Amino acid sequence: MVVCNDDSKRSDGSDSADGNEGGRHFDGSATSWLVGEGIRHLHAADKEGELAYARVIELLRECKDAVETTAQLAQRVPADDVGLRWSLLHLLGDVGQPQAADFLVGAALARLPEHDPQQGCEGPRDGAVLLGTMAVEALQRVASRHEEIAELLLKVVAARPAQPILIEAIKAAADLGLRERLPDLLPKDDHWMLDIRRARIEEIAAEVEREDGRERGFTPPRGREAHTAPGTCGCHHREV
């Protein structure tokens, strides 16, 4: 591997990844610039962007400081910039260096803010849960390249994080061949999570122009107070 990041500080001694520098997180070194290019191409919708992203990942895999630089950037990004922090975690998973494992475990098990019902499904806790599930997914991708990392997914399961993160960790561990070890880490009341799996798109595709809805005679409840299922984020809002 080569050292891509030979100067993590600006000439004036300040840290160029600091959020106060006009959001210019990626101009402090060659490695941070590469990370920035990866983020820029990560969500590309065209083939050219996808190829550029793949090339950036190849280059970052040759940088022995790629994990350290990306992790530092993730820690310095403002807490409310969930999109950028999510992208940095995603990048770590694609780079796939085993040095990222401990950081990703920490991100998966980070303490979540308390849920504020007044904020609906878009509060700080919801963003933190999104980051936690991405950390688990990234950890799985690292483990798919380095088998010894797979054990850390069992550590995440044993720590019993919030249910959405726990379920992702269970699925990831099962996909990596560790399903038989999961029941011992879960109380019996949570064993239903072991039956959750990733379905192929062919299994869940709906039939076009289905016409049997009317025959079932289903009538949706008129008011939210009649709903018995929780919202997608698990909150209930009762209309008065």
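None of the values given here were measured: they were computed from a predicted structure.
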In one Ile/Leu/Val/Met/Phe/Trp/Tyr side-chain cluster, 4.5 Å: I170, V142:
no
> Would you say E180 has more than 12 foreign heavy atoms packed within less than 6.0 Å of its CD?
Replying inline: no
Nearest heavy-atom contact between Q140 and A172 is OE1-CB, 3.4 Å
Only one of R145, R141, R61 passes salt bridge (charged side-chain N to carboxylate O under 4.0 Å, His left out) with D94, and that residue is R141
Whether D81 side chain and P78 backbone form a donor-acceptor pair below 3.5 Å: no
In this structure, CD of E62 is separated from CG of L34 (nearest 0.5 Å) by 11.5 Å
**Q.** M193 side chain reached by K171 side chain, heavy atoms, under 4.5 Å
**A.** no
Closest heavy-atom pair, L152 versus A101, reported as atoms and distance to 0.1 Å, is CD1-CB, 3.5 Å
Taken to the nearest 0.5 Å, the spacing of L84 CG from L73 CG works out to 8.0 Å
Margin query: If we ignore hydrogens and angles and just use 3.5 Å, is the side chain of T69 paired with the main-chain N or O of A66 as donor and acceptor?
Written below: no
Practice task
Could you state whether L104 and L178 fall into the same hydrophobic cluster, counting links through intermediate Ile, Leu, Val, Met, Phe, Trp or Tyr residues with side-chain heavy atoms under 4.5 angstrom apart?
Solution key: no
Below 4.5 Å, heavy atoms only, C-beta onward: do L153 and V105 meet side chain to side chain? no
In short, ring-ring contact (aromatic ring centres under 6.0 Å, His included) pairs touching residues 149-188 with sequence neighbours left out are none
Value for CD1 (I39) from NE2 (H90), rounded to nearest 0.5 Å, stands at 9.5 Å
*Does R85 reach the side chain of Q75, with side-chain heavy atoms less than 4.5 Å apart?*
no
CD of Q99 to CG of L92, rounded to nearest 0.5 Å, is 10.5 Å
So CG of D65 and OG1 of T31: to nearest 0.5 Å the spacing works out to 3.5 Å
dist M134:CE -> L88:CG (nearest 0.5 Å) comes out at 11.5 Å
Check: If only atom types and distance count, is the side chain of T70 paired as donor or acceptor with the main-chain N or O of V67 below 3.5 Å?
Finding: no
Practice prompt. Flag yes if V157 and V129 sit in one hydrophobic cluster, no otherwise; membership is Ile, Leu, Val, Met, Phe, Trp, Tyr, and two members link when side-chain heavy atoms are under 4.5 Å apart.
Written response: no
Q) Are L59 and L91 connected, step by step, through hydrophobic side chains (Ile, Leu, Val, Met, Phe, Trp, Tyr) whose heavy atoms are closer than 4.5 Å? A) yes
Practice task
Determine whether L185 and R181 make a side-chain contact, defined as any pair of heavy atoms from C-beta on separated by less than 4.5 Å.
Solution key: no
Correct closest heavy-atom pair for A169 and V156 would be CB-CG1, 3.7 Å
Residues A150 and L176: closest non-hydrogen pair is CB-CD1, 4.1 Å
- prompt: Quick one: are D80 and P124 in side-chain contact, heavy atoms under 4.5 Å?
  reply: no
Residue set satisfying salt bridge (Lys or Arg N to Asp or Glu O under 4.0 Å) with E68, at least two apart, ordered chain then number -> none
Original post:
Given side chains that start at C-beta, do those of L182 and L154 come closer than 4.5 Å, heavy atoms only?
Top reply: yes
Practice prompt. For E147, look at atom CD and say whether over 12 heavy atoms of other residues, nucleotides or ligands are found less than 6.0 Å away.
Written response: no
Next item on the list: Spell out, yes or no, whether L186 and I196 are grouped together once hydrophobic residues are joined by side-chain heavy atoms under 4.5 Å, including indirect joins.
Entry: yes
Quiz item: Between D195 and R179, is there a salt bridge with N-O shorter than 4.0 Å?
Solution: yes
Smallest heavy-atom separation, P98 atom then H146 atom, equals CD-NE2, 3.2 Å
- Message: Measuring only between side-chain heavy atoms, which start at C-beta, is L42 closer than 4.5 Å to V56?
- Response: no
Looking at E114, is its backbone amide N or carbonyl O close enough to the side chain of R125 to form a donor-acceptor pair, meaning the two atoms are under 3.5 Å apart? no
All heavy atoms of L89 vs all of A138, minimum pair found to be O-CB, 3.4 Å
Quick one: does W192's side chain get under 4.5 Å of D190's, heavy atoms only?
yes
